[in-house]
Amino acid sequence: MTYCVAIKLNAGLVFLSDSRTNAGLDQISSFRKMMVYEQAGDRFMVLLSAGNLSISQSVREILQVEQIQEHGDSTPITLWNATSMFDVARVLGAAVRRVYERDGAALQRAGVDFNVSLLLGGQIKGEGMRLFQVYSAGNFIEATAETPYFQVGESKYGKPVLDRVITPHTPLSEAAKCALVSMDSTLKSNLSVGLPLDLVVYEEGRLATDKIVCIDEHNPYFRMLHDSWGEKLRQVFDSIEDPAWNGGVTEVPIRVEPLRSRPIKKITTPRDKLV
């Protein structure tokens with residue numbers, strides 16, 4: 001399993017991925033899930049992958065040379081000459097479908113699902129930043145102001161903090177911190193996600209970045225964030241009043257008559273009706 005998150009903000013893009021793969025209790029390894037494509041001054045793109053490792057590796061390899069052609073005499077569109085991120089997403093989708101055409105039937109005969117999920121984000125000179133989620137069929141959706149982030153892999157543990165914090169106006173550094181908290185929550189709750197992490201932060205309009213870091217268990221910032229987040233959560237939890245079942249002085253009683261529903265009915269004899 002894995003966990004990847006990509007965030008699109010007014011100020012830029014944030015990408016974060018773990019590096020653990022799990023094919024059973026005795027087959028846990030580390031493989032990077034992030035690829036960075038950069039032609040400084042022309043284009044900057046990041047690809048994150050989750051799902052079957054052999055499929056995602058094949059897609060990444062084919063993406064290097066994959067091309068789509070609109071007409072018989074038109075110049076083929078590739079990762080390196082596309083004039084829009086939409087066209088890059090189309091090339092990526094074509095690469096996914098090519099791998100399926102090559103390996104799909106054999107995988108099906110072996111009882112293996114064709115399972116790959118991809119996040120693609122970046123900026124090409126002449127247009128704004130864009131972020132896409134690409135599915136196993138090669139189709140894709142694009143991030144919007146209402147949905148400024150995508151997740152693939154083991155996403156449920158890290159989603160609540162993203163929903164509470166991330167908006168298009170969130171500063172880049174704050175979004176990077178939020179992504180790391182999201183990852184830390186996932187690491188805490190799921191052993192199939194693990195260090196080291198890859199983090200990339202891209203500033204809008206630069207068409208390049210030097211904010212790339214690999215985070216392991218010795219990283220001082222991540223260790224501080226992990227400890228602080230746990231401590232602060234415990235402090236907030238302890239600050240909330242316990243439910244007062246036996247009365248007493250409280251401004252927030254728990255035993256009150258609900259406005260619409262009735263308390264659950266006990267079943268006390270075999271003759272009681274369930275409904």
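Start at 1 with the first residue, then count along the sequence.
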Review point. Is the CZ atom of R206 crowded by more than 12 outside heavy atoms at less than 6.0 Å?
Key: yes

Review point. Are more than 12 heavy atoms from other residues, nucleotides or ligands located less than 6.0 Å from atom CD of Q108?
Key: no

Is there a side-chain contact between [X] and [Y] in this structure, where contact means two heavy atoms from C-beta onward sitting under 4.5 Å apart?
X	Y	result
W229	V161	yes
T170	T167	yes
Y149	V14	no
L63	L47	yes
L79	V88	yes
C178	I166	yes
T83	I124	no

Check whether [X] reaches the backbone of [Y] with its side chain - one donor and one acceptor, N or O, closer than 3.5 Å.
X	Y	answer
D87	S84	no
N52	V116	no
S185	V181	yes
E204	M129	no
R43	Y37	no
S19	P196	yes
D103	A106	no
Q123	E127	yes
T147	T144	no

Answer with yes or no whether the hydrophobic clustering places [X] together with [Y]; edges join I, L, V, M, F, W, Y residues whose side-chain heavy atoms lie under 4.5 Å apart.
X	Y	result
V59	V112	yes
V236	V252	no
I55	V152	no
V96	L48	no
V200	I7	no

Non-neighbouring partners of [X] that pass side-chain hydrogen bond (donor to acceptor under 3.5 Å, both in side chains), sequence neighbours left out:
X	result
T268	D272
T250	E241
S58	R102
D242	none

Return the [atom1] to [atom2] distance between [X] and [Y], rounded to the nearest 0.5 Å.
X	Y	atom1	atom2	answer
Q67	W80	CD	CH2	15.0 Å
M85	M45	CE	CE	6.0 Å
D18	L16	CG	CG	8.5 Å
D42	L207	CG	CG	7.0 Å

Just grab all the salt bridge (Lys or Arg N to Asp or Glu O under 4.0 Å) pairs involving [range], residues at least two apart or on different chains.
range	answer
residues 163-174	K159-D163
residues 175-199	R32-D198
residues 51-80	E66-R98, E70-R90

Exercise for review: Using side chain to side chain contact (heavy atoms under 4.5 Å, CB included) as the criterion, list what pairs up with P160, not counting sequence neighbours.
Suggested key: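 Side chain to side chain contact (heavy atoms under 4.5 Å, CB included) list for P160, sorted by chain: empty.
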
Practice item. Check K33, Q151, R20, E154 against Y3 for a side chain to side chain donor-acceptor pair (under 3.5 Å) and give me the one that passes. Key: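 Of K33, Q151, R20, E154, side chain to side chain donor-acceptor pair (under 3.5 Å) with Y3 is met by Q151 alone.
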
Exercise for review: Walk me through it: do R223 and D227 pass the test salt bridge (charged side-chain N to carboxylate O under 4.0 Å, His left out)?
Suggested key: CA-CA 6 Å; R223 291 176 63 182; D227 293 341; 5.9 Å; no

Exercise for review: Taking all heavy atoms of P76 and all of N81, pick out the closest pair and write down the distance.
Suggested key: O-ND2, 2.9 Å

Revision key, fill the gap. Minimal heavy-atom distance between L131 and G121, with the atoms involved, is CD1-CA, 3.9 Å

Using a 3.5 Å cut-off and no angle test, enumerate the donor-acceptor pairs between side-chain atoms of residues 255-265 and protein atoms at least two apart in sequence or in another chain.
unit_1, atom_1, unit_2, atom_2, d
R255, NH1, W245, O, 3.0
E257, OE1, R262, NH1, 3.3

Practice item. Just grab all the ring-ring contact (aromatic ring centres under 6.0 Å, His included) pairs involving residues 170-212, residues at least two apart or on different chains. Key: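 Non-adjacent pairs meeting ring-ring contact (aromatic ring centres under 6.0 Å, His included): F44-Y202.
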
Practice item. Output every pair passing ring-ring contact (aromatic ring centres under 6.0 Å, His included) with a member in residues 205-226, not counting sequence neighbours, ordered by first then second residue. Key: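 Found none.
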
Exercise for review: List for me each residue that meets ring pair (Phe, Tyr, Trp, His ring centres under 6.0 Å) alongside Y100, sequence neighbours excluded, and say none if there are none.
Suggested key: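 Once residues adjacent in sequence are excluded, the partners of Y100 under the ring pair (Phe, Tyr, Trp, His ring centres under 6.0 Å) criterion are F114.
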
